[in-house]
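Every chain is numbered from 1 and lettered A, B, ... according to where its sequence line falls, protein lines coming before strand lines.
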2 protein chains.
Amino acid sequence: MMSQMKAICMQNGAISLNEIDVPSPGPGQVLVKSLACGICGSDLHITRHGDEVFDIYKKLGVMPDVDGENPGIMLGHEFSAEVVEYGVDTTGDIPIGNRVTCVPILMTMGGAGVGVTPGLYGAYSEYFIVDEALLIPIPENVSSTAAAITEPLAVGLHAVNRGDIDTDEVALVAGCGPIGLAAIAALKIRGVKHIVASDPQAAKCEIAQQFGATHTVDPTQEDEVAFAASLAGDKRVVIFECVGVHQLINSFILRAPAKATLVITGIHTADTTVNFGYATVKEMDIRFSYYYNPEEFAESLQNIAEGKVDWQKMCTGKVGIDGVSDAFATLLKPNDHIKVIIEPWRNGALEQVKG
Amino acid sequence: MMSQMKAICMQNGAISLNEIDVPSPGPGQVLVKSLACGICGSDLHITRHGDEVFDIYKKLGVMPDVDGENPGIMLGHEFSAEVVEYGVDTTGDIPIGNRVTCVPILMTMGGAGVGVTPGLYGAYSEYFIVDEALLIPIPENVSSTAAAITEPLAVGLHAVNRGDIDTDEVALVAGCGPIGLAAIAALKIRGVKHIVASDPQAAKCEIAQQFGATHTVDPTQEDEVAFAASLAGDKRVVIFECVGVHQLINSFILRAPAKATLVITGIHTADTTVNFGYATVKEMDIRFSYYYNPEEFAESLQNIAEGKVDWQKMCTGKVGIDGVSDAFATLLKPNDHIKVIIEPWRNGALEQVKG
């Protein structure tokens, strides 16, 4: 085996391609080769606002003990991979060379997140480390690209479960990026009859319809909350915030109908100003959705395997490992992409993919 | 019947005692004589921050069409009363002279709130108007003072129902004023095993224990959230915010353990700064509790009748109608009172009541 590998590292907002040692799997761990890894909105957020994110980690006491104020992170947590080498204390049940995915957590490292934790390896790299106990084989009919979409689908499914929405209540999905589309897919599978999608980009609204949105609204032209409320009558409106703009939270509180539930999926690390008086008078629920459980992750992969999610429509771009830095520069500016997949085993600039 | 009555009116933060016409009950309505009416924290809040409250009402489109920027309100919504006169379209089932209480809403006026709406009569006055359809007779063994405590008990019960707490989860009730004590009473009746009460006033902590708190914490000396979390282990902590200080919301978000639920009962009409990043990482729920339903109101009266709530400990003062203005001056400054009851049918300055 090669002893060196290419790895993407983000430090102080800069993305660099480095040559580092291929890691060795520890007890219970597996070395895997990254086949495909999605660029997540949270990867972009931590690149732009690393200080805010690390400040929260520090205040919560979950910041690893690393040198410097803004440590480097090897990104990548939405992956499919190939089994390369087992560490000790493993069963080796899944043959070397088989394809796997998993919840991006290392229980063998105290539950640290793969691709978000300083000092761990991420799936933007050629190789990285996962726990054997969490591995799920990728079904034969599921491509490696599709399997890398499992993770954002699980985030959307979890948000819908957090909203605990009945089929006759009205869902408003604000923002039709990957998480918004994943929520729409989960809402459709759940059987929710009224799914309103809102996005200022017409192309994203069109994809939202293909995913299952029954209505679309351009929020720059029409009040999307009022529209959802008008559909709801006396039924509850569940608003899924999938935009990631913190000022929207107060706006939703102000505009929501009585008894509305607001599910926050965006990662809002900046201080924001709100007036909770409106939430009180309306007896709102604000539920924060961050992660998912292993069952939701497995269910999302199963949904792909059964053809229940038109995942191809989410994948708008692919890039090789030497194009990641330029791809970040593109994605950090306004753009039309939904999900860009890194293929760390090859070189190549960001190119459009037709869904 | 007398054609004139004494009525307390709050306008621009000033409490005045006026002589006005006794109102006539309309269709479906009943004229009642106020026997006892609690001074609510929201009455004090609207007196101090009327502009903020009215601003919210206006933005929600529920502000009645009245002259001036800061209209007068005849306060009083926590009452017991005596039936005086029925309007047309009523059954008159409850005999004249009998004692009643009810949810302070006029369905005959589009659901407007008694004692909080400009243009309506409140229970701080000698007489006021209620809906016949909502009347509940006061059981013989329940005093008029006790019956006036029904409303805050219902607020506390509703907050506990909003928290949807299991008996083996940990409740933290922050603030041991009337709503905090009412929440503690409801938690005890629900059978919750760990009820932590926090208040900087030792006397209130003592009453909280008498209401059912299993632990008390002085939050100026010890982190009450950390204490509750240490009791909870891997069980959920449900924090009931019964303080009414909006800066506490961000503090609770910062200090809460993972998966905690925060039930907000305070009325926070001022803008406040929060960082939702912590709520996201912890997947918190923030649930706003404002009102109660008729079943919760009736259950609270029943709890008093069955001796399940030591309501006497909540009632710390009584005052006649000519003492209300001075009582407000006292209550708007730091004080030891929990609940002061107005008896609008008599005169008299605020006096302490021994629970």
- Query: Which region of B/H158, side chain (C-beta onward) or backbone (N, CA, C, O), has a non-hydrogen atom less than 4.5 Å from a non-hydrogen atom of chain A, or is it both or neither?
  - Reply: side chain

- Closest heavy-atom contact between B/Y278 and A/D55? OH-O, 4.1 Å

- Query: Where does B/R255 contact chain A at under 4.5 Å (heavy atoms): side chain, backbone, both or neither?
  - Reply: neither

- Message: Going by side chain to side chain contact (heavy atoms under 4.5 Å, CB included), B/F276 matches just one of A/T269, A/I264, A/I249. Which one?
- Response: A/I249

- Task: First locate atom CD1 of A/I286, then atom CZ of B/R287, and finally report the distance between them rounded to the nearest 0.5 Å.
- Result: 12.0 Å

- Which residue pairs pass the salt bridge (charged side-chain N to carboxylate O under 4.0 Å, His left out) test when at least one of the two sits in residues 266-283 of chain B, sequence neighbours left out? B/K259-B/E283

- Message: Let me confirm one number: the OG1-OH distance from A/T280 to B/Y291, rounded to the nearest 0.5 Å.
- Response: 14.5 Å

- Go through the atoms of A/A279 and report whether side chain, backbone, both or neither lie under 4.5 Å from a heavy atom of chain B. both

